[in-house]
Undergrad: 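Can you read through this structure? Questions will come right after.
Both backbone and side-chain heavy atoms feed into the values below; hydrogens, waters and symmetry mates do not. Chain letters run A, B, ... following the sequence lines, proteins first and then strands; every chain starts at 1.
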Amino acid sequence: MDEWKPNPAVKPHKKRSWYLAWKYKLMNQRALRKLCQTGAVLFLLVTVIVNIKLILDTRRAAYEEEEESAQDYDDEMLNVEVPRRLVSSKKVLDVEVYSSRSKVYVAVDGTTVLEDEAREQGRGIHVIVLNQATGHVMAKRVFDTYSPHEDEAMVLFLNMVARGRILIFTIKDEGSFHLKDTAKNVLKSLGSQVAPFLSWRDMWTFVGKKGGEVYGEKHAKSPALSTWGDPVLLKTEVHLTSVEDAECHWPDTELNRRRQRFCSKVEGYGSVCSCKDPTPIEFNPDPLKDNKVFDVPVAVIAGNRPNYLYRMLRSLLSAQGVNPQMITVFIDGYYEEPMDVVELFGLSGIQHTPISIKNARVSQHYKASLTATFNLFPDAKFAVVLEEDLDISVDFFSFLSQSIHLLEEDESLYCISAWNDQGYEHTAEDPSLLYRVETMPGLGWVLRKSLYKDELEPKWPTPEKLWDWDMWMRMPEQRKGRECIIPDVSRSYHFGIVGLNMNGYFHEAYFKKHKFNTVPNVQLKNVESLRKDAYETEIHRLLGEAEVLDHSKNPCEDSFLPDTEGKVYVMFIRMEQEADFTTWTQLAKCLHIWDLDVRGNHKGLWRLFRKKNHFLVVGVPASPYSSKKPSSVTPIYMEPPAKEEGAVA
Amino acid sequence: LSLTSLVFLLFQLYYYKFYLSQKSGAVFSKVRGSHSAQDSTRWQVVRKFLGLISSHNIPVYLIDPLILGLVDKDIEQIRSSPDGPSPECKYFCAPRDFTTFALLDKTWKHEVGLFRTAEKMGFQWLKIINKDPRLDGMDDLSGIEIPLHYIFKLASHAIHLVVFYERSGNYLWHGPLRLKQHMDRKFVPFRKLHFGRYPGAYEKPELLLVSIDDLKVQIPKNPSRFLEEMSHSRFLECRYREARAFFQLYPDDASLDAVEFRKKAKSLLHLAALTLNNLGVKFWLSSGTCLGWYRQCNVIPHSKDVDLGVFIRDYKADIIPAFQKVGLPLKHKFGKVEDSLELSFQGEEDVKLDIFFFYEESDHIWNGGTQAKSGKKFKYLFPKFTLCWTEFVELKVHVPCETLQYVEANYGPDWKVPVKTWDWKSSPSNVQFNGVWPVDEWDDVIQIY
């Protein structure tokens, strides 16, 4: 027990003390832990407070910001961008092409990109160009190869399409009658096996890559002359390439970026998109010394003829003294391709929602364009008005710069025009010569702001009046006896053959042989004598010096004029009163100049050139210049052909 | 746990301190006042920006109201020593979030090169575009959106470049600053910008090239006038969309008479504006002319006169001779300066110019009318309004900013319906009978010529 006793006594004691110590230690540790815990809680508390403060601050800041954006700086829900479906993510395109007598359609991945079932329209070969990387439609054309020459246009177009593009062909109604061998060979070279044997009223569809594989072709022969081939439907797949392969690798400049954007979107513009040595899109023509029209806005009136617009803008931007910043292209309708052309050249373009129809639509488009021009350039006193189917002469701005002060100073002037209605290859001669005429030619002209704002704009024909704007401007109520200045040799050239009032025959007859100045920096010689009174003096001087022609001869014959050069001749025709243009119209007809209405007259006087001589025609007795007629001369009278009731005028 | 929380706390404390110092920094360094230019981020950024735009030949001018305010105090000295080195950095060194410049749109060609150079110099930039108001009034034209504001940010400072456009009426216009959805709302504290809350209209300023704080910069030749202009530059666009809707309902009168009247009214308004502006008399479109602007953005063809409002405190005795001098004889004068003044001038043919003088009370504004044959007085009450600029028939003119209230007070809730028969004594919804002029005053307060 003893043994046990002390030991246990000690032991417990010892044990106890150890226990105590341990307990104490433990307690100590607990305190520490408690301390730690308290500390942690404190930390946390501080953290929380700091956090709360921070959160509050940030929220306040954020709230302020939100409030500000809500109050002042939010755009009213406009411009919500709708995510566009990207075709490019797909590797294969499903293409469906249908050809039949009365209907054609093309669908790419289920989306109809062409559908034509209109009657009496869209005959011939429809061509669609797709981008080989994105599948986007880059061009859509129809060539009426039933009619002559359309196959040539198609060959021209196909040659302009870049290698690698996907081409889709389909025939509506008839596409072989005037499809010549050249065109057939081009189609054959694209991989078509049927093209060389295409014949009368066959149906045909073809999908291939330019300079590459053929994706499909279907053909239905016409069994007899009087019937059409059965409709054909071609379904095929086209494998897309990578975007890099589809694009050219031009040096990275601002200009080339514009080019790239253009060329990946549209087709049919030829060398502007060639990978090697593309044609420039910036021209930097020489500036004009003392250019009086540098700050005059230029309004280009356009419709949906992007190839015309392309040609027009090229010539405009190449004219000396052009100021691209002043150019605005007004597009009648939401057409993309004309806008692409405008952007290619780095110009600004404005689209106009079409109002009304046909002539009235053109007229409303003109009004909107002119109003917008003067709004955009409130300082301008004038505006140059151009159309998309004009070539612009290299000295167009030089011509205007030399003459514009007349329009500012001479109240009796209505406009300056770059176009001489009677200026044909055989009737115009002197690029430095100007005339005053009572008719407004249009086709590249300058409009005075005050005339537009004070007179024309307020009473411009409203949409329901189906009037031609230019006919309206020529009416006496508007023109009020004022005249336009024109050059002998036109500074614009009307190349458009497709248009509202235009067709191939009409163009051939009245516009093709028009003279167009190509000489740069022509110094105009008689500018000051164009003022109202000075011009009369000038005319009297001319008539005084003019040799009277032999009135017994036929004025239509070349021999009517002697074989001289540089002389002035005068002839007198019958003109009973101011509006009697019977003889003039017949004369104009046989001289092969503009005879559809009366153009280019000044007080019953016409000025033109014949066989390089200045040739004056005076209407007697209506013209005040009749007094110059020698009493021995009888004015020539020409009768209108019995059936055709004279002039349109 | 404690360790992480400690680290976290430290981090937070640090962050908080950083946050605080950033906040108070501006205040703190403001106290320091002028200091060496090189130390100032702002000065550096402005210098870089001026270098950037001069390397691209873009003429900008300073319109920062705070700096122009300072410049204006020293304008004589600055004008007299255009090249002298500055002893201290007084203007461009006060730390601010922005410095504001103006750019005349037609003086540059929108070259993209500018922005590439800017990026190379370290600037971040933001372009705010919107539709072109000059085409807004036109049926169905959709142009390219035009740039209204640019912000160039470098380090902690940003340059706000306001683009000014010339508009019909021989004035400059700048657009409002509105962020589109995808834009970075925190790019800069937009709220602190001095320009952009509203569109503004300004005269074309004459500029002066000065050297301040060793920076060559163009400023408006008369800074105080610019600042004064700025304080009430708010511009209201005509409500073209509503005007189109109005004409859908009530087709415009296109008769020759209407065309002629509009032409005469327009030229009369131009002449009146020229005359009053030359005298320095502030005026606004009132009554029918104001309604025409608000409802149809044009002169109402059957209104037969042009109505202007002028605060009586702006009345000048020269008004009558000035109008007579430009060929507008006084037709009648009703009331007197102290009460119900109204002047009428005879314009071309039948068109009359009425100038109503407005009297301000504590809670409303009124003008008076007088019936000549009876000497009866009328009072037309309007809620209080301020003046805004607008464009009307190619003229920059004032209209009440609170146009709707103004028009409604005058024409009632049915102002949208055209009324051809109008009696000025009974038709307006805000007319009150106001007694009769004492007979012995008639010679003075009823003058008809």
Undergrad: Heavy atoms only: give me the nearest A:D454-B:K263 pair and the separation to one decimal.
TA: O-CD, 3.5 Å
Undergrad: Side chains of B:R116 and A:E254: closer than 4.5 Å at any heavy-atom pair?
TA: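 The answer is yes, as the side chains (C-beta and beyond) meet within the 4.5 Å cut-off.
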Undergrad: Check whether A:Y334 gets within reach of chain B through its side chain, its backbone, both or neither, counting any heavy atom under 4.5 Å.
TA: side chain
Undergrad: Taking CD in B:E206 as the centre, count heavy atoms belonging to other residues, nucleotides or ligands within less than 6.0 Å. Is the count above 12?
TA: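 No, not enclosed.
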Undergrad: Could you grab the distance from atom NZ of A:K453 to atom OG of B:S168, nearest 0.5 Å is fine?
TA: 6.0 Å
Undergrad: In plain terms, say whether A:D295 and B:K106 are close enough for a salt bridge, that is, a side-chain N and a carboxylate O under 4.0 Å apart.
TA: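 Judged by the 4.0 Å cut-off on N to carboxylate O distance, A:D295 and B:K106 do not form a salt bridge.
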Undergrad: Taking all atoms of both residues into account, what is the closest heavy-atom pair of B:K204 and A:D379, and its distance?
TA: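 Heavy atoms of B:K204 and A:D379 come nearest at NZ-OD1, 3.3 Å.
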Undergrad: Over all heavy atoms of both residues, which pair between B:L135 and A:A372 is shortest? Give the atoms and the distance, please.
TA: CD2-CB, 3.5 Å
Undergrad: Hey, is CD on B:E119 packed in by over 12 heavy atoms from elsewhere, all under 6.0 Å?
TA: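 Enclosed.
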Undergrad: Indicate yes or no for a side-chain donor-acceptor contact from A:Q325 to the backbone of B:W108 under 3.5 Å, with no hydrogens or angles considered.
TA: yes
Undergrad: Give, for atom CG of B:D132 and atom OG of A:S348, the distance between the pair rounded to the nearest 0.5 Å.
TA: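 Reported to 0.5 Å precision, the distance equals 9.5 Å.
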Undergrad: Are B:R167 and A:N375 packed together at the side-chain level, in the sense that at least one heavy-atom pair is separated by less than 4.5 angstrom?
TA: no
Undergrad: To the nearest 0.5 Å, how far apart are CZ in B:R262 and NZ in A:K459?
TA: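 Here the interatomic distance stands at 15.0 Å.
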